[in-house]
Structure formats: structure tokens, C-alpha cells
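Computation of the quantities below employed the complete heavy-atom set of this structure, encompassing side-chain atoms and omitting hydrogens, waters and symmetry-equivalent molecules. On a predicted model such as this, the values are computed, not experimentally measured, just so you know. Labels below follow one simple rule: chain letters A, B, ... track the order of the sequence lines, proteins then strands, and each chain is numbered from 1.
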Number of protein chains: 2
Amino acid sequence: MSKSLLVLGPAETAACCSPLSSQPLSAQQAGQVAPLLKALADPVRLRLMSLVASHAGGEACVCDLNDAFDLSQPTISHHLKVLHDCGLLDREKRGVWVYYRARTEALASLGALIGSASP
Amino acid sequence: MSKSLLVLGPAETAACCSPLSSQPLSAQQAGQVAPLLKALADPVRLRLMSLVASHAGGEACVCDLNDAFDLSQPTISHHLKVLHDCGLLDREKRGVWVYYRARTEALASLGALIGSASP
DNA sequence: CTTGAACATCGATGTGTGTCTATGTCTGAT
DNA sequence: ATCAGACATAGACACACATCGATGTTCAAG
């Protein structure tokens, strides 16, 4: 079966709407955006996201990320999977190593949705 | 005991730092920001926040909010308390009614922290 | 083919959370 | 003083989640 219609992750279709303060979010919109926020609403995942996004080259290897935390390797792997599944992190395997890359457009859309001052 | 030193809620001291992609978040910073995101990371609370923020006059009465959901009154009250406790919502009682107001500066700080494209 | 390293998946466990019903606390009106 | 309405709190319960150790999978090297 073809996956050609699903090249875009959930993050692309969720946060591309008007800011919170401009008009009420529909139940459906809220249901799409909330999972993205939930993925970020964990101290470890927030730091992971920040580490990957601010890393040189725009990507970071899992081995580097593991060392930055006092947690087990499966736990870090789990958090990375959460961020990847909701479309906030891209994943690429090169040899034995796996590199993650932040989806800055998704982050930008989310940020724009949350914070937009009204006059 | 005086509360004069606590006029500012948690939201003011949490999200006033550099964007995610510029430099790695410290564990302490992540620990301060995550609760704010966790408060927003629920479809009901996200809609509540949006309803209050986009409401005429910048504030909304609880009775109005209750009618917008198919949930019990205590449940809505609980969600409003979560948003209020983390500093995203201001609370004011006038007569029998209670009005909530969105802290747009807190929302703006959070949005800026999450979404900021890097060159 | 075997070994070791990098990473993911699985199953278990304690803790957190969203929701409800029932009850409490104000406040204005009768 | 009593009553009714608006909202908060308390307790209970089902479910989700963060974490771990153990195990599986994939790949490169020897």
C-alpha cells in the first residue's frame, strides 16, 4: 500500500490556524493541537527538543542526547518517539547511528498559535 | 503573613528566556516552562483559554464557559483552576459571578519561547 | 559467522490526571 | 431568616503516562 499521501506529519495540519486570542478554537482544532503541546509539556522532552533544535548542523545523534540526561536509554528513546510520532522531530538512520532533526516550521506554527498579542 | 512579594504568578518568571532553537534549555528552565505547556496541553483547557482570550472585553464569565462544553460544572471549574494556578488566567469575582481574563503577556512569552525560526 | 555497539520494543509498576457525583460556600433576592 | 443560584472543593475511580530492566533488531567490524 502506498504512503504517498502521508508525507506530511500531524504537526503540519494542526497548528496552521489563527492565534488563540483572535477567535475561539473549535473542538476539532483543539483536539489536533493539544497532542503537540502534550508532547512538549514534559521537562525531558522540552530539553530534548531544545538540544536537537540548537545543535550544530540542526541535527543530533541519540548517543549525544543520552549523555545529556540522567535517565536510561529506553526512556530517552521513548521520549524521542513521542516527539517523532507527533511530527515535531524528523528521524534519519545513518549506519548504526540515528539522527534527529527539529521541524522548525511545526515549532513556529505552534508558537504563533499560542502567542499573538491582540490590540 | 504577607503575600506582597508574590504578586507575580509563575507564568511571568518561566517563559521569559531565549527561544528553544537558540540554545539548550537548562533542566531548571525546562522544569519551569513545562507546567505551563502541560496546562495548555488539554483540548478542554485549550478551548477554555481561547474562549476567554477571544471573548469580548477580554474576560469571560464561568457561566458562559460552562455552556460551551458538554462537561459538568465541577470539571470546568477544575480546568479553570489549573489555568489560574499556573498564571495563565486571571480571576476576579464580581457579585455572584466570577470572571476570568487571559494573561496575554504569559501567552506571548510562551509562544515566543516555542516558535522562533533560526537563520 | 560471530561479536559488540547503537537503538528500539516489551512488559511491569508507581504516579499523575480528567471526569464524575456529592457537598460546601458565598451572594443577592424574597 | 430563608431560599435559590453561581461557583468551588472533596472524594472516588478509571485511565494515561514516565520510568525502569530485560530483550529484540540492525549494522559494521573482525
query = Of the residues in residues 71-82 of chain B, which ones touch DNA chain D at a heavy-atom distance under 4.0 Å?
reply = Gln73(B), Pro74(B), Ser77(B), Lys81(B)
remark   = By side-chain contact (heavy atoms from CB on, under 4.5 Å), Ser77(B) pairs with (sequence neighbours left out) Gln73(B)
query = Out of curiosity, does Leu40(B) fall in the hydrophobic cluster containing Leu71(B) (side-chain heavy atoms, cut-off under 4.5 Å, transitive links)?
reply = yes
inquiry  = Does dA8(D) have OP1 or OP2 under 4.0 Å away from a side-chain N or O of Tyr100(B)?
reply    = yes
request  = Return the set of residues passing side chain to side chain donor-acceptor pair (under 3.5 Å) with Glu92(A) (not counting sequence neighbours), or none when no residue passes.
outcome  = Arg94(A)
ask   = Arg101(B): what forms a salt bridge (Lys or Arg N to Asp or Glu O under 4.0 Å) with it, not counting sequence neighbours?
value = Glu59(B)
inquiry  = Going by the rule side-chain contact (heavy atoms from CB on, under 4.5 Å), which residues pair with Ala34(B) if we only count those two or more places apart in sequence or in a different chain?
reply    = Pro43(A)
request  = Return the value, rounded to whole Å, for the distance between atom CG of Asp85(A) and atom P of dC17(D).
outcome  = 12 Å
remark   = Min and max contacting nt of DNA chain C in 5' to 3' order, chain B heavy atoms within under 4.0 angstrom, are dT17(C) to dG28(C)
ask   = Which letters describe nucleotides 25-30 of chain D, given B = protein heavy atom under 4.0 Å from base, S = only from sugar-phosphate, - = neither?
value = -SSS--
ask   = Residues two or more places apart in sequence or in another chain: which of them pass side chain to side chain donor-acceptor pair (under 3.5 Å) with Asp90(B)?
value = Arg103(B)
message = Strictly by salt bridge (Lys or Arg N to Asp or Glu O under 4.0 Å), give each pair with a member in residues 27-55 of chain B just once, sequence neighbours left out.
response = none
query = Residues two or more places apart in sequence or in another chain: which of them pass side-chain contact (heavy atoms from CB on, under 4.5 Å) with Ala60(A)?
reply = Val52(A), His55(A), Leu65(A)
request  = Please list, chain by chain and in numerical order, all residues satisfying salt bridge (Lys or Arg N to Asp or Glu O under 4.0 Å) with Lys93(A), sequence neighbours excluded.
outcome  = none
request  = Could I get the full list of side-chain contact (heavy atoms from CB on, under 4.5 Å) partners for Cys61(A), not counting sequence neighbours?
outcome  = Cys63(A), Asp64(A), Trp97(A), Tyr99(A)
message = By nearest heavy atom, map Lys38(A) and Trp97(A) onto DNA chain C; which one lands nearer the 5' end?
response = Trp97(A)
ask   = How is Asp42(B) classified with respect to the nucleic acid when contacts are heavy atoms under 4.0 Å: base, sugar-phosphate, or nothing?
value = sugar-phosphate
